[in-house]
Amino acid sequence: MKAVTFDKVSLGGFWKNRFEINKNATIPMVYDRFSDTGRFDAFKFEWKDGDPNRPHIFWDSDIAKWIEAVAYTIHLCPDKKLEAVVDGVVDLIEKNRDENGYFNIYFTVCEPDNRFVNRMAHELYCAGHLTEAAIAYYKATGKDKFLHLMCDYMDYIEKVFFIEDSAEFSTPGHEEIELALVKLYDCTGNEKYLEMSSRFVETRGTSEKDEESPYYISHAYDQSHKPVREQERATGHSVRATYLYCAMADLALRMKDDSLYDACRRLFLSIAEKQMYVTGGIGSTHYGERFTEDYDLPNDVAYSETCASIGLALFARRMSLIEPDSLYADIAEIAIYNCALAGVSLSGKAFFYVNPLEINMERNRKNIEYYQYKGSTYDTPQRLEVFDCSCCPPNIARMIASIGDILYTYNDDTVFVHHYFESQAEFEGIKITQNTEYPNNGAVKLTVRGMAGKTLAVRIPGWAENCTVSGAYKTEKGYAYIEIKDDETEINLDFAMECRLVCANPTVEADVGRVALCRGPLVYCAEKIDNGVPLNNLSICENLNASVSFNEEMQAYTVEADGFEDAPADSLYRTYRNDGIRRRIKLIPYFAFANRGASDMLVWLRIK
């Protein structure tokens, strides 16, 4: 199976709007904040003790992800000014790398004697992100200097880790290089890089040189508790986990390794069925930014890091390349439209690191004042322009810039339509046009050219309880398979996009007796700024009687539904009476919360 890459796709509608905001606001904003904080200047290797902005162990990766976002953007919309900025960074990498090809800001400048000593210090993670950026930049511009620099670096890593075995550890404490090496193999055709990725993955959980993590005092934190083929549930740091699983899926596909794929599927199901928020967020706690236990999904202290939801979507996309099961695209869709997209403001200029499913300003005040609970330093009711750990802003930027990657996969006889965007794609002599207002409307018109004698497989979203597909088809694993007989064929899909109430497994203690309102792929939430009262005073009616209204700034529909507000009472306790005051409850897409000032927010509402 092959993927249709983003550069073969021309976007319109919802994602065209997000792409333009990303290009015109997010990428410049991240550049400005990374300049303010010294990240770009750090590539000059001029920092001295006592200077401000001491380089950090992951600054290389912050800039690398920004470069990758730029590369995807200029691939579609050439920009010589952005290209010049990247060229300047590449020149500094060439100038400041050592004779072996090694490049790392922190360890060259701050700890030159500790190269490849501290497993948890992100050296290989940074190398991986730089490599991904180099590949994207080469494909966008044809300039190969950055790519050659990273090939030299990877050759040196091969020497240190596999030929000499002279590093103090065997596998990285933060996975990333594994998937980057597969991309480097795809780009160069050099099988050495695929073998390096495989060795890093297969060595994980087997080496006595890999010390335990400082968090949770367990190898499970960085997925080193067992060999990867024996792992049964997602565990540990959620971003590390999804990046490892991405590499495992990449290797399973290219090496036709059924055993490795089986491990990937077990791990994917453990997330999707027992450890994922309704918004597609993963990672329940700020302590170690990690998975906890099955069904442990608290709402107000949810960590649900933006990068983790992006990692889940990337993992799902890779699984779709191996097996056409709609579960994978369903999960990618949930993660992208909800948790990941909530990570950036509607303006594109501010970001969430943490994405809770409940904000209660008064409770937060009491928790801090009376119980000394401060949560995470990134736990804030308002998005920020930059964080000390600013992995999320450039990560969401590169995701949006390359969002066309997720639409299609194909083999010799079948093209799979995984997602629905207003768009036009051309590849392998095939042209597919999608006319749709998705995710706001479930009607999709597909015009297919150049596919006579082949099959088109269109995903039936898991949320679509009622749908129609024009023409004859057969269904398998959530896809409708349609035989294309003519050179030009029009197919009409209609997924009834009605407001619906979703409940959680009763084992999810935080959501017992509560429901979440969804419409199509979008999860909705209530904000106090719209409803005027504490949100836990509200109950939504089972019979929603919902009405929708299009919001231009959100590029999505808001919802009003019938509900109740608890009647006021003077007594501390009283005999229960069902005497709520009927009222309408206003809800907005979860991705759009916290764009109008600090406000209480709630996804899971009580139901009457």
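Centroid-to-centroid, the aromatic rings of Tyr277 and Tyr590 stay 6.0 Å apart or farther. The distance between the ring centers of Phe550 and Tyr557 falls below 6.0 angstrom. The distance between the ring centers of Trp15 and Tyr438 does not fall below 6.0 angstrom. Between Phe268 and Tyr328, the ring center distance clears the sub-6.0 Å criterion.
Ring geometry for Phe6 against Tyr72 counts as perpendicular: the plane angle is over 60°, on a 0 to 90° scale with 30° as the lower cut. Aromatic ring orientation, Tyr481 versus Phe416: perpendicular (interplanar angle above 60°, classes split at 30° and 60°).
At least one donor-acceptor pair under 3.5 Å links the side chain of Ser270 to the backbone N or O of Ala234. Side-chain atoms of Asn411 never come within 3.5 Å of backbone atoms of Met1 as a donor-acceptor pair (strictly under, hydrogens ignored). For the pair Gln231 (side chain) and Cys264 (backbone), a donor-acceptor distance under 3.5 Å is absent. In this structure a side-chain-to-backbone donor-acceptor pair under 3.5 Å is present from Asn595 to Leu346. Of the possible donor and acceptor atoms, one in the side chain of Ser309 sits under 3.5 Å from a partner among the backbone N and O of Thr306. No donor-acceptor pair closer than 3.5 Å links the side chain of Tyr193 to the backbone N or O of Asp186. A donor-acceptor pair under 3.5 Å links the side-chain atoms of Arg266 to the main chain of Arg229, judged by distance alone.
Atom CD of Gln424 is surrounded by more than 12 heavy atoms from other residues, nucleotides or ligands within 6.0 Å. Counting non-hydrogen atoms of other residues, nucleotides and ligands closer than 6.0 Å to CD of Glu195 gives a total above 12. Within 6.0 Å of the CD atom in Glu483, the count of heavy atoms belonging to other residues, nucleotides or ligands does not exceed 12. At most 12 heavy atoms of other shown residues, nucleotides or ligands fall within 6.0 angstrom of atom OH in Tyr138.
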**OP:** Go through the steps to decide whether Lys65 and Glu68 satisfy the test salt bridge (charged side-chain N to carboxylate O under 4.0 Å, His left out), and finish with yes or no.
**Re:** CA-CA 5 Å; Lys65 279 181 282 190; Glu68 193 178 348; over 6 Å; no
Original post:
Going through the distances and angles, do Tyr353 and Glu289 end up as a side-chain hydrogen bond (donor to acceptor under 3.5 Å, both in side chains)?
Top reply: CA-CA 11 Å; Tyr353 191 105; Glu289 304 179 321; 2.6 Å; yes
**OP:** Please assess Arg265 against Asp325 for the test salt bridge (charged side-chain N to carboxylate O under 4.0 Å, His left out), listing each intermediate value before the final yes or no.
**Re:** CA-CA 11 Å; Arg265 183 162 177 89; Asp325 185 329; 3.4 Å; yes
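Glu178 pairs in a salt bridge (Lys or Arg N to Asp or Glu O under 4.0 Å) with only one of the listed residues (Arg240, Lys183, Arg204), which is Arg204.
In this structure Glu176 satisfies the salt bridge (charged side-chain N to carboxylate O under 4.0 Å, His left out) test with no other residue, sequence neighbours excluded.
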Please tabulate, one pair per line, all N/O donor-acceptor pairs under 3.5 Å involving side-chain atoms of residues 447-455, not counting sequence neighbours.
{"from": "Arg449", "atom 1": "NE", "to": "Glu488", "atom 2": "OE1", "distance (Å)": "3.2"}
{"from": "Lys454", "atom 1": "NZ", "to": "Asp412", "atom 2": "O", "distance (Å)": "2.7"}

